[in-house]
Amino acid sequence: VSIGIGILRDLAEHLRARCPAARYVVIADSGVAPLLGDRVREAAAGVAPTDLVTFPAGEWNKTREMWAHLSDELLKRRVGRDGAIIALGGGVTGDLAGFVAATYLRGVPYVQVPTTLLAMIDSSIGGKTGVDVPAGKNLIGSFHQPRAVLADVETLVTLPPIQLSAGMAEALKHGVVADAHYFEWLVEARRAIKQKDLDVMARVVVRSVEIKAAVVAGDERERGIRAILNFGHTIGHALEAVSGFELLHGEAVGLGMAAEARLAHLVGIADQSLGRMIAEALEAFDLPVRPNTVAPVSELLDIMATDKKSRAETVRFALPERIGTMARGEGGEWTIAVPRDAIERVMEELA
Ligand SMILES: NC(=O)c1ccc[n+]([C@@H]2O[C@H](COP(=O)([O-])OP(=O)(O)OC[C@H]3O[C@@H](n4cnc5c(N)ncnc54)[C@H](O)[C@@H]3O)[C@@H](O)[C@H]2O)c1
Ligand SMILES: [Zn+2]
């Protein structure tokens, strides 16, 4: 993982060193392609013939259909097993292009060039790829590690403020699950972050990547500790799903963290102040702390049960004891089974 200011200009070198190929296909969405598509295609073309393939931006396009369409575009171009993919964009592009790479001709190498804060600190790291389906988010996918991740924080200059905030939800999550100092520093540095001071942004990306990479390195296939990165995501994914794409992933995760912190208090794991501290941090980055989508709690619970592939009576959550420390179950496991009625209570309080 390379992180820096202006490092996109070294793309050709990175490709030669970490992902040599006879041919590259850059995959970018309709928001990123006009900003960076030509630049990245031309840089890669210095190494091998390169095409740019685009798809319409938006979470609603992270589908099996778009995976099929992009795979067909590669087949049409007769890209062989000596080809490689460059995923240029946010988490939607990374997950989708990564899944194409995981499955195309049984797997070709790929490189992540994340251009949203969320993608730099979270989705480009760890090798999870996949698509959303009507039954829930990310339910069809694969683990496929990128050969390299090139995060140039300069690309964040054009990122809309709401997308920056959405990324900050995941950064705050990294603080909650692993590093209280980082959490406090993020809140203190909020002005510089919101102004996208590039040195400060580089620090955010470096620390978050360190945290995520360390967790993933210890448990690539999520049999144990990797589950702590799901803090905020069990309730978050359910809210995201019922919002009909009104909520950005990061916004939904923020709401999920606020709710799951309250849940941690309700089941006796955390102090009441945890929920307040998390809500204040979210507000510092202009993130919502109360969902404005009204959906029956039973519907949300059904989604949560599918999301975690668990039995319906309880749902397992990764819950913080306090900022920086996650709770362990009796057998040392990193998730705690929470009865439905506790979840119902928290969701009703929030509604
Ligand atoms: N694989 C993982 O481990 C993992 C982890 C976290 C999130 N995710 C997934 O990531 C997705 C969310 O990613 P996201 O928040 O990056 O959304 P996104 O990819 O949809 O990007 C958000 C928007 O910003 C635009 N954009 C991207 N870079 C830009 C730039 N530099 N300047 C201007 N506009 C730019 C895009 O065109 C898009 O419209 C979700 O699907 C989520 O499930 C995956
Ligand atoms: Zn996430």
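For ligands, and for the atoms within them, numbers begin at 1 and follow the listed sequence. All values below were derived from every heavy atom in this structure, side-chain atoms included, with hydrogens, water molecules and symmetry-related copies excluded. These numbers come from a predicted model, not from an experiment.
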Discussion item. Treating R316 as the side-chain partner and T335 as the backbone partner, does any N or O pair qualify as donor plus acceptor under 3.5 Å?
Written reply: yes
Practice prompt. Please work out whether the ring planes of H249 and H237 are parallel, tilted or perpendicular, with thresholds of 30° and 60°.
Written response: tilted
Worksheet, complete the sentence: Atoms listed for the Zn ion (ligand 2) (protein only, N, O or S, under 2.8 Å, no waters) are E170 OE2, H233 NE2, H249 NE2
Worksheet entry | S71 vs V100 side-chain heavy atoms within contact, under 4.5 Å | yes
Practice prompt. Can you tell me which residue pairs pass the salt bridge (charged side-chain N to carboxylate O under 4.0 Å, His left out) test with a partner in residues 165-175, sequence neighbours excluded?
Written response: D122-K173, E170-K173
Fill in: Step-by-step ring pair (Phe, Tyr, Trp, His ring centres under 6.0 Å) determination, H174 to Y182
CA-CA 8 Å; H174 292 139; Y182 179 50; 7.3 Å; no
Discussion item. Going by ring-ring contact (aromatic ring centres under 6.0 Å, His included), name the residues that satisfy it together with F99, two or more places apart in sequence or in a different chain.
Written reply: W67
Discussion item. Side chains of D95 and K128, heavy atoms from C-beta outward: is any pair under 4.5 Å?
Written reply: no
Worksheet item: Are R345 and E348 close enough for a salt bridge, meaning some N to O gap below 4.0 Å?
Response: no
Fill in: In one Ile/Leu/Val/Met/Phe/Trp/Tyr side-chain cluster, 4.5 Å: L255, I323
no
Practice prompt. Using heavy atoms and a cut-off under 4.0 Å, could you grab the residues that are in contact with ligand 1, chain by chain, numbers ascending?
Written response: D29, G31, V32, L35, A57, E59, K62, G90, G91, V92, D95, T115, T116, L118, D122, S123, K128, K137, N138, T155, T158, L159, P160, Q163, E170, K212, H249
